[in-house]
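Worksheet for the structure shown next.
To find a chain, count down the sequence lines: A is the first, B the second, and so on, and within it residues start at 1. Values in this document were obtained by computation on a predicted structure and should not be read as measured data.
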Amino acid sequence: MKTSVRLSLVASAALALTFAMAAPHARADDPGITPTSIKIGMIGSLTGPAAAWGWPTINGARMVYDAVNAQGGINGRKIELVVEDEQCAPPMALAAAKKLIHRDKVFMLHGGSCSGSILATRDEVLANEVPMMILVATMDKIVQEKPNDYIYRAFLPGSFDGKIIADFIATMPNVKRVVVVGHADEHAGARYGTLTEGLKKHGVELLGLETIETELTDATAQVLKIKDAKPDAVVLVGRPAASAVFLKDAHRLGLDVPMIGATVVDLQDLADRIGGTDALKNMYVVAVYKGPLGSEAMTPWQEMLKKYYPSDKVQASSFLGTSGALAVVEGLKKAGPDLTRAKFVEAMNGIQNLDGGPMACSLSFSAADHDGCRTGVMWGVRDGKIVVIGDRWKN
Amino acid sequence: MLDITGLRAGYGAHEVLKGLSMRVGKGQVVALLGGNGAGKTTTLSAIMGLIPSQGGEIAFESNSIQGQPAHRVFRHGLSLVPQWRELFTDMSVQEHLELGAIACASRGDLDARVASALDYFPELRAHLGRRAGTLSGGQQQMVAIARALTARPKLLMLDEPSMGLAPLVVRELGRTIKRLNEAGTSVLLVEQNMHLALGVASYVYVIRAGKIITHGPTGDFHDEKELFHSYIG
Amino acid sequence: MEIATLLSVGLSNGCLYGLVGLGLVLVYSSQGIPNFAHGELFMAGAFLAYTAIVLLGLPYFLSFLIAVVGIGLMGMLLEWLAIRPISLHRSLGRASSEVAIVLATVGLAIVLKGLARIPWGDSVRNLPTAFTTQTVTIGGVAIATQRLLIVAVTLVLTVAISVFFARAPLGKKMRATAQNPTGAKLIGIHTSNIYSATWALAAACGAIAGVLAAPLIFLHPDMGTRMLLKGFAAACLGGFGSVTGVLLGGVLMGVVEIFAGRYIATSMMDIFAPIIIILVLLFWPQGLFGARRAARV
Amino acid sequence: MRTLLQNNLVWLFFAGTVALSFTTDAYSQYLMNLVLVYVVIGQGLNLILGFAGMFAFAHGAFMGIGAYVSALLTAKLGVSLLVAMPAAGVAAAIVGALIGFPALRVSGLYLAMVTLGFSEIVQWGIKHWKSVTGGPDGVSVPAPVLFGHRFYGDYPTFYIVVVVALAMTLLAQAIIRSKLGRAFVAIRDSEIAAQCSGIKVARTKVLAFAISAFYAGIGGSLFSLTQSYITPENFGFYQTTLHFCIVIVGGAASLAGPIIGSIILTWLPEVLRNAQALQEIGYGLMLILFVIFAPRGIAGFLIDKGILPRERFSLRRPSLPGRSRPAPQEG
């Protein structure tokens, strides 16, 4: 008898455990909306291998919502955020999205630092007709694959990056042969397609693709191999640390052709890592911001971050999510006081030439095109200083 | 000097010693005889602290050493030369001798300790540089005993030292044990080789199924055959 | 010229692999387990040095020392907290075996990585090099001073550790314990303390590699994962036995890797370590450098 | 009553999941699907680790092979899931058998490292064989169409997953109780003794690897259905660690162990969502605590307490695979 009591206890505990995962589901007409609040779910890599892109980018977006709330919110509604971790792992990201959509019943989502994991949530988001603003994931097909009526992006997607680089190279005198150096990950993969296409279109010969590890300790083999190929320029599609290692070794081994970096890296950050701009003399980088950190254009945003998140380090990745939040705020404002998801989507599709905040681009969305940011700026190093070279290579 | 009363020990749930009592007096050579599986090695392992004992009492020079780990038991002056010798195969004979005294407080007289150990086994002098793994069985046994001797134990416990050795070597071993004893070391000898045991021991215990079934001065055990049958059962 | 450049880099990378591998070999030969948390000790060493140099502003070599000693103590603590309880169970005949310890080291690796993310997960960090001069030119080959330091430290350390094992009482006790724990107990060696000391020494080796490598790469909680595989490969080549064997294994690994990357395909460099591990363990389980496997019964 | 319950716990578990599926929201249902996926993989790892006593550190890779074979067959060639899923299992099993051959040459921890190296190579292969696998971009998995019905969403997927998971669990039970299962245990306890009693050790070992990999392959195929999108990053060392946690925490060498482990390890990270730093550390800590304090896992504890039935195959002594030590010698 005693054991059977114990047994039923255990059985009910097991059931309760599983029930804890379950919850009664009731459908609200306007999920996530009350007269005084709008609930937005944020997903980011707060822990795990991409944690460096987690809190910095989230807080860069969050500060915009904080500022809006400080001014009384949008149409009387304050923005309420629920932040979930995805650990850069697709199953976790999918769980986070499902939790936010079905359990927390958010009005919309804003998130995604890892392309791979946010891609896993795509079907779920579209099937539930939840508007979503991408945080920093650059892979094209997250937004550009059809059908997509709900997912938006407000910063430069990877493919534009590749195209801008190709166009830039086409305008460089005497550059006919280039080598591409980069990782074998989805981050770099997003760029290779348009890059090779663009180079082909401009009649620039692509000599080869050299792989670097994300945890590169040394690039001697790659640099020597590239020197052997005698390219006129090198395209570098690497994460900051690996790029720094590559550039340092290229400098040491006398590979002094022009190098063009993707948006993944930031010149100031590279200079900090390498310790000086010597190795960057011939380096150009596609930049997304209006100016380098500390420049006049960036000051208000840096101030804003310091105000709301004083313990955050101001770094190149800090403001990547800011333009997305600005677009969301604009969409919510335009959607009017009787907010619904459909109205919000309609409002988003109507946004034209909205200032991208820290971003160099202005944001324009349409029903057919949800990638709102298409302009990148070329930065380079002149006399040890980072200067803006121009933006005429935009789309 | 060594007093064991009601010792119970074994491996996990399997109890091998079921209340074993025996003693070794100062300056004595005591033999513990018994068949396979009687609990001879278990007794030595329990004394030495290699396995935990589950009951009873082990005292050495009136101090309880029960429950102490091997390295603590060692410091009381007990050394065990195990059945499988447990040499360091890749280390030289010289290193073995030095290692024997490595845990002793006074290592200033290391050379003297090594030299006096070698006095018992002059044959080893020729092999000081050789790795223990390359020595013959008899030489390995010598290294094992010599290693124990450099610690200058008060009580030396030998677990079947004759195992696998040629008769001539066994006879030599018997003489060495006697010399050791004359130099003041007490010896607890565990053996299946009755001839050797009765030749050197002054007192004999017979163990069967984890208990002492009979004991007495060696003189009481004239008939080896009878003694043999007593523990084979 | 090009060959010389490749060699110089391959050699210094190999020294790092060798150092990491050495830590693995020390623990393996004493307890018969591969320490999956070793990469995280490498990482922790780099971060401790970072804390000392960048956050506390201490001089480089003092910070180096702090990192090595600190991580050594940490290795000891880990052994005491996570490994010893399992070995105690084992000696009681109660639990499992080495696999339990292996899984514990896997657990430790995850925990250490997770802990490192709390303060340092938000961005990548930089450790300054030991010398302000970045490169020197020797015979027309530009070599990073940090790489020279790596080779020098590794050589000194290898000699020091070899001497330590041959001469020092603690080194002899460690060897004795590794070869025969029962025999060691019988001559009064407190084997548990020896395991702690072994972990401390192994962790210190990992920390040294971490501090040396950090200026060349970057500081990140995941930085140890790749290094662990390369250290394993070095240890396999060296036969999991001798100090010089693992160093030679590391150097071979570093040199072959860089030449393969240069002359075959750079994408190969990522996969070299696991291939070496598989080939060596399957076909030359004694390793290439004839090191005797530490005898453990 | 008690024995009736006890003897049908497996059935009860699956019946319970079906009953609960009527009350869940999509989020809970997704987690429940994941639990069932990990039950399949856990049973497979348990067969080789808990029963056959071999240390295979490659189930993330086997799972990846299964997921990719199934996803590519359905997405690119339009093959029915009814064919693609067994194909995924078989593909993983073939590779598993190939990895099993080294197991005849090296054992214990060397085997762990060989299998670990192998799983690195598989991940690298998936990443770099772009023309087939899509490289780091991954593959999106179409919703399967079975018997004219499109199984899209968490609830329809659940019906596929629960049926397969139940079938695989029953198969595991059958294997464990068969001659083969006894051969596994015999090899684990003593290879020499097993050989003496006429067991073909080499063949049994390779078979153990193949069967275990088959489970992981099927699990991978199911996993791809729950995710609808897969990338190489899914199937790395971290994944393998998760499988080990499932078996160790749940309890090795017991049929109930992987089920308990899967529930806990899917549920716990979700509970810890708000304690972000703990999420990652949680796995590691749990692994350490269990191997130290409860090496037989939760199932072992429940069996000792008489709550779970002591199965014919369950162990008297706690045991994990490893180097067998010679029994202490008696004098």
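- Contact count versus chain C (heavy atoms, under 4.5 Å) is highest, among A:Val223, A:Thr220, A:Leu224, A:Ile212, for A:Leu224.
- Only the side chain of C:Thr135 has a heavy atom closer than 4.5 Å to any heavy atom of chain A.
- A:Leu253 touches chain C through its side chain: at least one heavy atom from C-beta onward sits under 4.5 Å away, while N, CA, C and O do not.
- Options C:Arg262, C:Glu2, C:Met223 differ in how many heavy-atom pairs under 4.5 Å they form with chain A, and the most are formed by C:Arg262.
- A 4.5 Å side-chain heavy-atom check between A:Asp218 and C:Leu216 finds every atom pair outside the cut-off.
- Only the side chain of A:Lys248 has a heavy atom closer than 4.5 Å to any heavy atom of chain C.
- Contact of A:Leu216 with chain C is made through the backbone alone, with heavy-atom distances under 4.5 Å.
- For chain A, the nearby part of C:Arg117 is the side chain; its heavy atoms alone come within less than 4.5 Å.
- Among the residues in residues 311-320 of chain A, those with a non-hydrogen atom closer than 4.5 angstrom to a non-hydrogen atom of chain C are A:Lys313, A:Gln315.
- Residue C:Leu219 does not touch chain A at all, counting heavy-atom pairs closer than 4.5 Å.
- Contacts between C:Pro215 and chain A at a heavy-atom distance below 4.5 Å involve the backbone alone (N, CA, C, O).
- At a heavy-atom cut-off of under 4.5 Å, chain A is reached by C:Thr5, C:Leu6, C:Val9, C:Asn13 from residues 5-20 of chain C, listed in order of number.
- Donor-acceptor pairing under 3.5 Å is lacking for the side chains of A:Gln222 and C:Thr266.
- Of all non-hydrogen atoms in A:Ala221 and C:Met269, the two that sit nearest each other are CB-SD, 4.0 Å.
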